[in-house]
Amino acid sequence: MATVLEAHGVGKRFLGVAALDGVSVGLRAGEVLAVVGENGAGKSTLMKILAGIYRPDSGEVLIDGHPVVLHDARDAMRRGIVLIHQELNLAEPLSVCANLFLGRERLRAGIFLDRGAMAAQGAQLLEKVGLKVPLHRRVADLPPGQRQLIEIARALAIDARVLILDEPTASLSLAESELLFATIRQLKTSGVAVLYISHRLAEVRELADRVSVLRDGRPAGELEGAGITHDNLVRHMVGREIQSLYDRKHRPAADAKPRLEVRGIRYAGGPAPPMSLSVRAGEVVGLGGLVGAGRTELVEALFGLRRIVAGELRIDGELFVPASPSDAISRGLLLAPEDRREHGLHLGNSVERNLSLPNLDRWSRAGLVDRPRVHREAATIVERLRIRLRSLRQPAGQLSGGNQQKIVFGKWLARGPRVFVLDEPTRGVDVGARGEIYALIDELAGAGVAVLMVTSDMEELLGLSDRILVMHEGRLTGELARPDFSEAAVMRLATGAC
Ligand SMILES: Nc1ncnc2c1ncn2[C@@H]1O[C@H](COP(=O)(O)OP(=O)(O)OP(=O)(O)O)[C@@H](O)[C@H]1O
Ligand SMILES: [Mg+2]
């Protein structure tokens with residue numbers, strides 16, 4: 001098959017530091033090429049060069065074997081290259097429909113928006129990606145998983161020759177991912193070249209014809225066909241073996257007391273039937289379900305971001321009404337949210353400031369911030385979570401996606417939570433750092449923290465949880481104890497089948 005898009009020896013520096021150095025990849029029509037590497041390895045930078053968003057400092061981009069200069073994303077799109085960003089890129093105040101057709105609005109008689117045609121095609125596109133939302137809904141009102149599906153639907157509407165997907169499944173659950181994979185396979189057979197980035201190695205194995213590995217901005221090997229195994233991928237990416245990701249050293253004691261008790265609560269924007277659950281000391285309870293099942297709404301209610309209108313909540317047996325996040329925090333209930341850009345991080349602030357903000361009350365003396373201590377504590381967290389950065393003073397927004405996620409997680413660690421609620425804790429996090437985060441969750445559980453973990457990553461849900469709860473369309477549809485864990489059992493509950 002002919003090579004349609006190629007990067008040849010490309011290099012890119014940011015503020016004098018190399019993000020990419022001498023990287024070459026070639027993408028053939030009708031294949032899926034995966035690009036993998038640790039957080040900060042340069043994957044997104046490479047994709048942005050191929051999609052015309054960045055100009056390389058050295059090397060060149062070739063289309064059909066001819067060197068080209070891509071002026072911007074529009075230029076690339078005109079040549080049939082479409083990138084779906086890792087950080088979503090939608091016009092939030094506009095409707096789903098407007099976003100699907102942005103810049104390519106259908107016209108009637110040349111001037112009138114053809115709403116009928118757009119509605120019909122829009123509905124088809126949403127069905128293709130398995131999204132059930134009204135076309136007139138504002139994008140701003142949708143959770144990240146659903147926004148991701150809109151991005152994908154939008155890309156499908158454009159007849160691309162090359163489709164670049166930068167972690168498209170990071171906030172999708174298994175069912176939505178499967179739909180996407182089916183679509184990718186279909187595109188492949190029609191000759192589209194697909195460049196695919198993911199930290200979920202199972203899907204890389206499932207989808208990729210070839211894999212290109214990046215390490216520290218440099219090429220670190222290519223894998224093909226039967227050579228694409230989990231161990232090979234990890235060894236090339238990380239440069240060392242990682243044995244078992246999900247080893248739990250601690251399990252909750254048989255007589256462990258409930259730390260978080262939720263009895264018959266109802267909350268603003270939540271489902272009609274009241275919701276009950278509990279998490280015991282040292283227990284990791286996984287909360288599974290499809291995108292839009294209402295898991296994020298539930299954890300927002302627990303954290304005081306949604307008004308609770310009925311029922312009661314207890315922490316360590318004491319009644320607790322979470323009226324605001326600071327209420328929740330003062331009671332020891334912490335949330336690492338799903339949407340890090342909205343709730344989790346101040347992108348313009350330094351890493352040190354982000355890590356210290358929720359801890360300043362404890363890192364002060366006589367009402368004054370203890371600067372050396374703040375610096376020391378922040379440095380410890382960075383080291384412990386292996387956050388890749390140049391300096392603690394660097395704005396958080398400059399870090400790679402996975403490293404941003406680690407900061408969201410890290411800033412709460414120092415607070416010593418009683419109940420730790422994690423919404424997609426390893427979204428976009430590389431396999432090495434995942435191991436570190438799982439070890440931390442296990443350590444927290446070992447120290448008696450009650451952990452409630454929302455995750456769309458099936459391996460993580462099955463691997464790490466002591467108990468699994470599943471939600472479907474806003475209600476809890478079931479509970480699985482460890483011996484009954486299986487992908488099929490979770491899927492049955494998640495899709496509402498009996
Ligand atoms: N706009 C920018 N300004 C400064 N540094 C940047 C910028 N964009 C990327 N970098 C740096 O370049 C390096 C590569 O980043 P990139 O986003 O390409 O990594 P990645 O492989 O996509 O990581 P992840 O898996 O976390 O998404 C990182 O060290 C990052 O901090
Ligand atoms: Mg990236």
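Given the structure is predicted, the values throughout are model-derived calculations rather than measurements. Note that ligands are numbered from 1 as they come in the structure, with each ligand's atoms numbered from 1 the same way.
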Return yes or no for this condition: an N or O of [X] is under 3.5 Å from an N or O of ligand 1.
X    : result
Q394 : no
G428 : no
G42  : yes
R390 : no

Where is the nearest protein heavy atom to [atom]: which residue, which atom, and how far?
atom                    : answer
atom 15 (O) of ligand 1 : T45 OG1, 3.8 Å
atom 24 (P) of ligand 1 : N39 ND2, 3.5 Å
atom 23 (O) of ligand 1 : G40 N, 2.8 Å
atom 27 (O) of ligand 1 : Q86 NE2, 2.9 Å
atom 12 (O) of ligand 1 : A19 CB, 3.3 Å
atom 9 (C) of ligand 1  : F14 CE1, 3.5 Å
atom 30 (C) of ligand 1 : Q398 O, 3.7 Å
atom 17 (O) of ligand 1 : S44 CB, 3.8 Å

Is a side-chain N or O of K43 found less than 3.5 angstrom from the main chain of E38, in a donor-acceptor match?
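Confirmed, K43 side chain pairs with E38 backbone.
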
Does the D21 side chain pair with the main chain of G217, one donor and one acceptor, at a distance under 3.5 Å?
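No, D21 side chain to G217 backbone: no donor-acceptor pair under 3.5 Å.
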
Other residues, nucleotides and ligands only: do more than 12 of their heavy atoms fall within 6.0 Å of [atom1] on [X]?
X    : atom1 : answer
H375 : NE2   : no
R362 : CZ    : yes
R218 : CZ    : no
R185 : CZ    : yes

Walk me through it: do L302 and L452 pass the test side-chain contact (heavy atoms from CB on, under 4.5 Å)?
CA-CA 11 Å; L302 300 181; L452 181 62; 3.9 Å; yes

Heavy-atom check, side chain of [X] versus side chain of [Y], under 4.5 Å:
X    : Y    : value
L305 : P325 : yes
H8   : V61  : no
V211 : L33  : no
I81  : M77  : no

Out of curiosity, is H199 lining ligand 1, as in a heavy atom under 4.0 Å away?
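A heavy atom of H199 does come that close to ligand 1.
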
No waters, cut-off 2.8 Å: how many protein N, O or S atoms are close to the Mg ion (ligand 2)?
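For the Mg ion (ligand 2), protein nitrogen, oxygen or sulfur atoms under 2.8 Å: 2.
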
Measure E38 to ligand 1 on non-hydrogen atoms and call it side chain, backbone, both or neither using the 4.0 Å cut-off.
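Backbone only.
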
Looking only at side-chain N and O atoms, does R427 offer a donor or acceptor that is under 3.5 Å from a partner on S456?
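On atom types as modelled, these side chains do not qualify, holding no pair under 3.5 Å.
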
Go through the side-chain N and O atoms of E460 and T455 and say whether any donor and acceptor fall under 3.5 Å apart.
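The criterion, which ignores hydrogens and geometry beyond distance, is satisfied for T455 and E460.
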
Contacting atoms of ligand 1, where contact means under 4.0 angstrom from a heavy atom of E167:
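Matching atoms, with element in brackets: 25 (O), 27 (O).
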
